[in-house]
Amino acid sequence: MSSHTSLHMRQILRPQEIGDDLTRELVDCWVTVSNAGGAVGFPFPPVTAAEVAPAAEQLIAGLDAGRSRLVLAVIDGVLAGWLNIRRDPHPLVAHWGTLHHVQSHPAYRGRGVGAALMRHARQVARDEMGLEQLHLAARSGMGLEEFYGRLGYKEIGRRQGAYRLAPGDDRDEILMALAPL
């Protein structure tokens, strides 16, 4: 991160904490990341804001401080990346959470935004949500397992050929975990 930019982390804990402008920024980031080839829930670009907005609205509607939070990376007042931390309330798995939609805006790549976002999510999960582990799923062929591996995540399983991006282009779903937090 250069000295002239200011990276701040922010959390959204409840639906009423996110206004229309931030919702638009979130959707715009999601569209841009998806259309740049990011593995963030929309595998067949191009996607439009009209396609992404319902998924964003559903995610926002489910926010709850104990079960689902948005963690935002903001540089100089602009959304540079975000992710969602979710906990399943079932007692057997309530000690771990899952990261969803981990993304950094392409305009901010190479500046450490993704790593900073992941480190902050780890701290939030441990210190504020009381989680002991974080899990995530990554699409193979994207270099994501190396990125997450540098942050301490270990591969714990793989669903071979789980994603079919095109005929003859099947990708594995890589299951990764970070424990202890």
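We count residues from 1, following the sequence as given.
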If you take all heavy atoms of [X] and [Y], which pair is closest and at what distance?
{"X": "V113", "Y": "A80", "value": "CG1-O, 3.8 Å"}
{"X": "A125", "Y": "I85", "value": "N-CD1, 4.5 Å"}
{"X": "N84", "Y": "R86", "value": "OD1-NE, 2.5 Å"}
{"X": "E17", "Y": "L13", "value": "OE1-N, 3.0 Å"}
{"X": "E145", "Y": "R158", "value": "OE2-NH2, 4.4 Å"}
{"X": "R69", "Y": "V124", "value": "NH1-CG1, 3.7 Å"}

Worksheet item: Between T98 and H100, does any side-chain donor sit less than 3.5 Å from a side-chain acceptor?
Response: no
Discussion item. Could you check whether R109 and S104, counting side-chain N and O atoms only, form a donor-acceptor pair closer than 3.5 Å?
Written reply: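 Looking only at side-chain atoms, R109 and S104 do form a donor-acceptor pair, the distance falling under 3.5 Å.
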Reported [atom1]-to-[atom2] distance for the pair [X] and [Y], which is rounded to 0.5 angstrom:
{"X": "W82", "Y": "W30", "atom1": "CH2", "atom2": "CH2", "result": "4.5 Å"}
{"X": "S140", "Y": "R159", "atom1": "OG", "atom2": "CZ", "result": "13.0 Å"}
{"X": "I156", "Y": "L175", "atom1": "CD1", "atom2": "CG", "result": "6.0 Å"}
{"X": "R24", "Y": "L79", "atom1": "CZ", "atom2": "CG", "result": "13.0 Å"}
{"X": "L134", "Y": "L99", "atom1": "CG", "atom2": "CG", "result": "4.5 Å"}

Do [X] side-chain atoms and [Y] backbone N/O form a donor-acceptor pair below 3.5 Å?
{"X": "Q103", "Y": "H101", "result": "yes"}
{"X": "R126", "Y": "L181", "result": "yes"}
{"X": "E173", "Y": "A162", "result": "no"}
{"X": "E51", "Y": "T48", "result": "yes"}
{"X": "D172", "Y": "I174", "result": "no"}

Indicate yes or no: at least one non-hydrogen side-chain atom of [X] is less than 4.5 angstrom from one of [Y].
{"X": "M9", "Y": "Q123", "value": "no"}
{"X": "V47", "Y": "N35", "value": "yes"}
{"X": "L70", "Y": "L59", "value": "yes"}
{"X": "L165", "Y": "R171", "value": "yes"}
{"X": "L136", "Y": "L144", "value": "no"}

Item to complete: If the plane angle is over 60° it's perpendicular, under 30° parallel, otherwise tilted; pick one for W96 and H135.
Response: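 Rings of W96 and H135: parallel, as their planes differ by under 30°.
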Item to complete: Decide side-chain contact (heavy atoms from CB on, under 4.5 Å) for Y148 and M118; before the verdict, give the C-alpha distance in whole Å, the side-chain angles of both, and the deciding distance to 0.1 Å.
Response: CA-CA 9 Å; Y148 294 125; M118 293 294 291; 3.5 Å; yes
Step through the shown structure and confirm whether more than 12 heavy atoms of other residues, nucleotides or ligands are within 6.0 Å of [atom1] on [X].
{"X": "R139", "atom1": "CZ", "result": "yes"}
{"X": "D127", "atom1": "CG", "result": "yes"}
{"X": "E146", "atom1": "CD", "result": "yes"}

Discussion item. Go through it in stages, so that I can follow the logic: the residues are H120 and L117, the test is side-chain contact (heavy atoms from CB on, under 4.5 Å), and I'd like the CA-CA distance, side-chain angles, deciding distance and then a yes or no.
Written reply: CA-CA 5 Å; H120 190 74; L117 191 58; 5.7 Å; no
Item to complete: Tell me, with the steps shown, if L151 and R119 meet side-chain contact (heavy atoms from CB on, under 4.5 Å).
Response: CA-CA 8 Å; L151 296 168; R119 285 191 298 273; 4.3 Å; yes
Worksheet entry | Common cluster, L83/V78, ILVMFWY with side-chain heavy-atom separation under 4.5 Å |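 Shared cluster, yes.
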